[in-house]
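A quick note: this is a predicted structure, and the numbers were derived from the prediction, not measured. Counting convention: from 1, in listed order, for ligands and their atoms alike.
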Amino acid sequence: MFLVEKSFISTPRLSLFRPLPHHPRLSFTSPSPNYILKEASRRNLQAKCAHSASTMADGIEDKTGSLKDQLSKIFEASLKVTVPDVHVEPLIVACAKKEFGDYQCNNAMSVWAKIKGSGTTFRGPQPVGQAIMKNIPETEMIESCSIAGPGFVNIKLSGKWIAKSILKMLIDGIDIWAPKLPFKRAIVDFSSPNIAKEMHVGHLRSTIIGDTLARMLEFSKVDVLRRNHVGDWGTQFGMLIEFLFEKFPSGEVNDQDIGELEVFYKASKKRFDDDTEFKERAQQAVVKLQAGEEKYRKAWAQICEISRKGYEKVYQRLGVHLEEKGESFYNPYIADTLDLLRQKGLIEESDGAQVIFIEGKKIPLIVVKRDGGFNYASTDLAALWYRLNEEKAEWIIYVTDVGQREHFEMFFTAAKRAGWLPTNESEYPKTSHVGFGLVLGDDGKRFRTRSTEVVKLVDLLDEAKTRCKAALVERGKAVEWTEEELESTAEAVGYGAVKYADLKNNRLTNYTFNFDQMLNDKGNTAVYLLYAHARISSIIRKSGKDIEELKKEGQLILEKNEERALGLHLLQFAEVVEEACTNLLPNVLCEYLYDLSEKFTSFYSVCQVVGSPEETSRLLLCEATAVVMRKCFHILGITPVYKI
Ligand code: ARG
């Protein structure tokens with residue numbers, strides 16, 4: 001391996017890059033003429049970059065964004081100097097092998113591929129890597145670099161810089177680590193149950209995943225519209241309304257009268273299927289409802305309200321906030337939206353219905369049914385039009401089970417053909433379908449509870465809480481704690497466990513719902529993580545030190561390997577959130593959080609905190625870990641606990 005030591009800290013600010021042969025700190029362990037730039041080309045290089053020196057420095061002064069972003073800026077500057085005529089995006093990745101460094105810049109090979117044969121003075125990818133390394137502008141961020149293989153530049157970050165950055169975060173707050181995303185407004189369409197039908201575990205997954213996606217984007221300073229696209233429109237309402245009139249001729253009903261709305265739904269469905277006369281009345285009821293007839297509107301609103309109260313209970317338990325704009329909201333926009341698509345020649349007649357044919361799909365997207373009615377797809381097209389044009393959303397994210405993938409693919413394609421969305425997926429505005437797998441029971445089948453066919457979501461959450469409370473009581477907390485503390489901890493841990501068990505998996509895979517597993521206090525569970533946070537909080541509390549004072553005067557020094565590893569992991573928070581946002585994968589953040597607690601455990605097992613000479617520094621590191629953990633919990637919708 002070819003190794004070059006460089007220290008940027010001692011270099012005067014003006015010399016942004018230093019000539020290889022003259023620099024005292026640079027030494028080749030295996031000098032090869034190939035790797036040394038010819039003097040002429042070197043001078044040429046320097047002349048070309050002299051003017052860009054200040055611009056580079058300016059760029060690097062912008063010390064915001066993720067660690068990776070900051071490294072990218074540094075290497076972007078170096079690449080501009082190394083190959084001024086070639087445009088290349090810096091390619092920075094974390095080193096797979098920690099002994100090589102923390103990060104690496106992998107541009108040399110692709111740069112070489114672009115410049116070879118063009119009369120370049122470089123003689124292969126490795127000299128390109130050498131030059132990239134040599135042209136790194138002055139920065140306190142990097143301690144040393146080395147070259148491996150065909151020009152990979154290994155980067156070792158400066159421990160001092162890591163420590164300084166963590167201290168800055170402690171003083172200025174974790175928001176300074178928010179990733180910068182290339183758009184301002186997003187819509188997350190999630191939860192979205194259907195009125196009068198069961199709100200099943202699929203909707204629970206959508207609620208949990210959608211809320212976390214919204215929180216990730218909100219942390220990244222994106223304006224997020226949290227949309228509950230409830231199924232509150234459609235032909236089934238005719239049947240429900242008629243059934244309501246039959247049962248309660250006075251029209252006066254309340255929730256108790258209707259009882260379980262799903263049972264009511266099933267009964268009305270049976271009536272609809274069994275009795276043609278009722279069926280006809282139900283069909284007329286839809287027409288009257290759509291025409292806005294007062295009596296029908298009122299009945300519809302009543303049914304919606306009862307249903308809403310049911311799922312509000314779930315949202316309240318989960319601490320999830322949503323703004324309802326159901327299917328009915330977009331109904332007035334459908335006709336015009338379809339006209340727009342018609343004008344573009346997208347809509348065709350097929351078998352009495354109006355459809356959009358999508359390339360590669362056998363069955364077209366039906367937008368007007370044979371009876372002239374609109375459907376799920378036409379509503380979604382109108383909603384998309386509204387979201388793009390009225391709400392100016394740049395990224396619209398839909399969270400449903402994978403079973404609906406085809407529906408989304410088809411109407412996204414239609415929108416692209418209509419010119420509403422760019423065909424290039426990396427451009428905005430864009431749409432994404434966030435699909436997720438099934439929730440399975442221990443038997444490997446679709447999750448159901450013993451007593452009923454349908455899992456009552458509220459009961460499920462209540463059971464998680466009850467089990468947690470029992471565990472706390474067993475640990476003797478009922479004596480130490482107030483009833484209030486017991487309740488709030490059981491809630492935080494119980495609901496947190498359900499959320500985390502869902503979020504930690506890659507969302508596309510099915511996951512098995514198992515209370516014993518998710519409530520285990522060992523392993524990758526919310527219980528374990530919440531307890532880890534509580535332990536850190538108690539170390540800080542027991543030290544008797546005022547952290548605010550320590551932040552002002554104390555120093556953070558990352559001396560031991562475990563301290564440095566923990567510090568570096570903390571600094572990687574922003575890029576992890578960025579990755580989770582870009583790929584819409586909450587499990588990436590869960591992995592990070594679990595790793596963080598593991599890294600903390602390694603640190604704590606070798607570094608004494610309270611009473612050690614390094615107490616101040618280590619307490620600050622504990623505090624930084626707790627702050628980042630809390631932000632992770634916040635994004636995952638989990639309430640942190642401070643004592644166990
Ligand atoms: N109500 C639908 C369901 O329960 C989900 C709606 C998702 N959002 C949308 N814009 N299609 O399956």
Distance filter under 4.0 Å, heavy atoms only, around ligand 1 gives Asp189, Ser192, Asn194, His203, His229, Tyr376, Asp380, Tyr398, Thr400, Gln404, Phe408
Sequence neighbours excluded, the answer for ring pair (Phe, Tyr, Trp, His ring centres under 6.0 Å) partners of Tyr511 is none
Q. Charged N to carboxylate O below 4.0 Å: is that the case for Glu242 and Lys247?
A. no
What do you reckon, are the aromatic ring centroids of Phe245 and Phe248 less than 6.0 Å apart?
no
- Task: Evaluate the ring planes of Phe329 and Tyr386, with Trp represented by its six-membered ring, and classify them as parallel (under 30°), tilted (30 to 60°) or perpendicular (over 60°).
- Result: perpendicular
Contacts of Tyr592 meeting ring pair (Phe, Tyr, Trp, His ring centres under 6.0 Å) (sequence neighbours excluded), chain-then-number -> His569, Phe573
ring-ring contact (aromatic ring centres under 6.0 Å, His included) pairs touching residues 352-382, sequence neighbours excluded, are Tyr376-His407
